[in-house]
Amino acid sequence: MWLSCHGYIPWQLNSLKILNMKQLFFCAALFFLVLTPTFSQQLNPDWITNITSAPTNILSSNIHYVDGRTYVSMVDEDSFHSYMQVIDIDGNLVEQIFIPEIDYLSVSHYSNVDSCFYLSGLSIETDSMIFVKMDQNGMVLWRRAFYFNEYSSNAPYNITEKNDEILLTYSLFNVSGPSVSSAVGYIVVNSLGNILRQNQPFSFPAAPVPIISYVSEFDQDGNAVLGVTNFLGPCSIIKFNKITGLPTWIENFNLENNDIQSLVIDEIGNIYFSGYDNLLLKLSPDGSTIFEKTLGFDGFHGAKRLLLQGDYLFANGYRYNENADKSQMYISQINPIDGQIDWLWYYDDISNQFGLSVEDAVFANDSTLFIIGSATAEYEFIMKLNLNSSVSVFEEVELDKILIYPNPTISNQVQLNTNGISGRAVLRDINGKMLFNQIVHDGDTIWLPSCGLFFLFFESSENRIAQKVISIHK
């Protein structure tokens, strides 16, 4: 659909005398761009590299970015070999680091504090939980083993850190004998591997099926916050007291499959977590619900990985597109204040289009993202995304609710005429960088930082529209 230009041309012919030929050429180019329809929601990765091939029982757990390389922790379920694949900045496999201390690697974490990896998994021979610290060359700096004799099996699921404290979360199961039970717990160590504290494994009454804590984080005060999946429901967010190790509060939620897939905590202690059904919730530090949002997809879907980067929350996940009869990976940028989605991009350009999913993701910087994806659990791949070059804009429409004037403008500002409608305005430059993001009202002024082409997005309860804005001020 073509853009309908509104407003007026703000200069007379004599005003053009101040422009040289280079400026006139630039203005002509911008006029051509403003009349060009734009619509894109498809991701355009810089590269994709397969890290496993079908058929395989090799699974990845986490991805890390370190000094221009990505490290992917992996386990071969047939041979019980654990290792890391090292991928260079161009997507080439350059090294494999084997981890003989762990048979079945479950989780890994890279510490920017001491530039080392923390890894945990299982010893098949001793049925113990192994926790190691390893440098970037694969040298193990220390190894710890934990035994839980009252439970028949155990599994570590998450590692995170705050300052010089590393949090390891685990789940315990009794699947044989006179009773079936399960529990979740955590251990906190320092960078030397010394145990600082641990809680008594926690279980809900009458929990005959496994309760699992896939996700955990430290809050701003160093308390452990666990997201607990209970397949018979409901699922829970539990904050444990740092001193006593006992729950400070427990909040229960009825989610689809009662599966908490990701959890992050911001610098003031607000908790964000996502579920299988793309439900996103934000809790205050005391456990009160601030908002509950859904990404609005129908069918099979899940917000698999949440990331806080800069001022924004990013959700990485998967959905099943019923109209296209195929699955898609997606990434969306979300305003953490109110849960509103700024943009959403998807990817489905892969030969095996059923079962496409996100496994993990990590930012290299504010604009570069690495994602582990999988297709039907048969093979896995790494995707590198440049968020600036992959920026998606919405289809421009005939605007009858909002007027931006003057447009083009020779000043460094434009004014909004929204017919009394308030909404969220987002301004991006031609590279996709966000310059402005806040609630606006009729008559508000938006400042333009420089001469150039910009994209203004406006969303209200009635519609969502986009328009190009041109500034040629000096």
Side-chain angles (χ1 to χ4, degrees), residues 59-67 69-75 81-87 95-123 126 128-148 154-172 184-199 212-219 222-227 240 242 262-265 305 307-308 359-364 370 372:
L59 300 177
S60 66
S61 55
N62 299 102
I63 185 171
H64 314 282
Y65 178 82
V66 183
D67 298 332
R69 293 181 167 190
T70 54
Y71 291 72
V72 183
S73 53
M74 312 192 73
V75 60
H81 287 159
S82 299
Y83 60 95
M84 280 193 165
Q85 285 198 5
V86 186
I87 314 293
E95 188 179 1
Q96 282 191 342
I97 301 174
F98 285 91
I99 311 166
E101 288 77 11
I102 299 176
D103 296 325
Y104 195 104
L105 180 63
S106 298
V107 61
S108 61
H109 170 79
Y110 180 74
S111 171
N112 290 307
V113 176
D114 51 10
S115 302
C116 288
F117 293 98
Y118 293 91
L119 310 102
S120 187
L122 301 178
S123 167
T126 63
S128 59
M129 187 172 70
I130 307 300
F131 195 14
V132 302
K133 180 178 181 179
M134 184 183 78
D135 68 15
Q136 297 177 30
N137 298 315
M139 178 178 292
V140 172
L141 304 178
W142 52 252
R143 177 185 185 273
R144 302 288 181 267
F146 301 95
Y147 302 87
F148 303 92
N154 58 81
Y157 280 106
N158 196 62
I159 301 173
T160 188
E161 71 172 319
K162 188 177 183 67
N163 301 324
D164 188 41
E165 296 187 350
I166 299 92
L167 172 68
L168 171 64
T169 309
Y170 59 86
S171 297
L172 304 172
V184 296
Y186 66 84
I187 299 169
V188 180
V189 304
N190 62 16
S191 59
L192 300 177
N194 301 319
I195 296 178
L196 303 178
R197 57 189 180 274
Q198 62 187 111
N199 77 325
I212 301 174
S213 180
Y214 294 117
V215 294
S216 60
E217 286 289 344
F218 279 125
D219 72 0
N223 301 302
V225 178
L226 276 62
F240 290 90
K242 178 179 180 179
S262 187
L263 182 148
V264 293
I265 300 178
R305 187 72 166 92
L307 297 170
L308 282 169
E359 302 303 323
D360 196 18
V362 62
F363 274 98
F370 293 91
I372 298 178

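What's counted below: heavy atoms across the whole structure, side chains too, no hydrogens, waters or symmetry copies.
- Not one N or O on the side chain of Ser61 forms a donor-acceptor pair closer than 3.5 Å with the backbone of Met74.
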Show the numbers, then the answer: is there a side chain to side chain contact (heavy atoms under 4.5 Å, CB included) between Leu168 and Met129? CA-CA 11 Å; Leu168 171 64; Met129 187 172 70; 3.8 Å; yes
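- Val189 is not listed as a side-chain neighbour of Arg144, based on a closest heavy-atom distance of 4.5 Å or more.
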Tell me, with the steps shown, if Val107 and Asn62 meet side chain to side chain contact (heavy atoms under 4.5 Å, CB included). CA-CA 7 Å; Val107 61; Asn62 299 102; 3.6 Å; yes
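- With hydrogens and angles disregarded, a donor-acceptor distance shorter than 3.5 Å links the side chain of Asp135 to the backbone of Asn137.
- A distance of 8.0 Å separates OG in Ser108 from CG in Asp360, rounded to the nearest 0.5 Å.
- Classification of the Tyr157-Tyr214 ring pair by plane angle, with boundaries at 30° and 60°, yields perpendicular.
- One finds the CD1 atom of Ile130 at 11.0 Å from the OG atom of Ser106 (value rounded to the nearest 0.5 Å).
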Run the side chain to side chain contact (heavy atoms under 4.5 Å, CB included) check on Met84 and Met134 step by step: do they pass? CA-CA 11 Å; Met84 280 193 165; Met134 184 183 78; 4.0 Å; yes
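- The aromatic rings of Phe131 and Trp142 sit perpendicular to each other, their planes meeting at more than 60°, with 30° as the lower class boundary.
- Here the CD1-CD distance, from Ile87 to Glu95, works out to 10.5 Å after rounding to the nearest 0.5 Å.
- Ring centers of Tyr170 and Phe146: at least 6.0 Å apart, outside the cut-off.
- When only modelled atom types and interatomic distance are considered, Ser216 and Ser213 share no side-chain donor-acceptor pair under 3.5 Å.
- From Leu263, atom CG reaches atom OG1 of Thr160 across 9.5 Å, with rounding to the nearest 0.5 Å.
- In this structure, OH on Tyr186 lies 8.0 Å from CG on Leu167, to the nearest 0.5 angstrom.
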Do Tyr71 and Ile97 pass the side chain to side chain contact (heavy atoms under 4.5 Å, CB included) test, and can you show the C-alpha distance, the side-chain angles, and the key distance before you say yes or no? CA-CA 9 Å; Tyr71 291 72; Ile97 301 174; 4.2 Å; yes
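- The one candidate from Asp164, Asp114, Asn163 that meets the side chain to side chain donor-acceptor pair (under 3.5 Å) condition with Ser191 is Asp164.
- Taking the six-membered ring where tryptophan is involved, the planes of His64 and Tyr110 are tilted, since the angle between them lies from 30° to 60°.
- Two residues are said to be in side-chain contact when any heavy atoms from C-beta on lie closer than 4.5 Å; Val184 and Thr169 fail this criterion.
- Looking at every heavy atom in both residues, Val66 comes nearest to Phe117 through CG2-CZ, 4.2 Å.
- Without hydrogens or angle criteria, Asn223 side chain to Lys242 main chain gives a donor-acceptor distance under 3.5 Å.
- One finds the CG atom of Leu196 at 11.5 Å from the CD1 atom of Ile187 (value rounded to the nearest 0.5 Å).
- Side-chain contact between Leu307 and Val264: absent, with no pair of heavy atoms (C-beta onward) separated by less than 4.5 Å.
- Counting heavy atoms from C-beta on, the side chains of Cys116 and Ser111 never come closer than 4.5 Å.
- The shortest side-chain heavy-atom distance between Leu172 and Asn154 falls under the 4.5 Å cut-off.
- Side-chain atoms of Val362 and Ile372, non-hydrogen and from C-beta on, never get closer than 4.5 Å to each other.
- Closest of all the heavy-atom pairs between Leu122 and Pro156 is CD2-CD, 3.8 Å.
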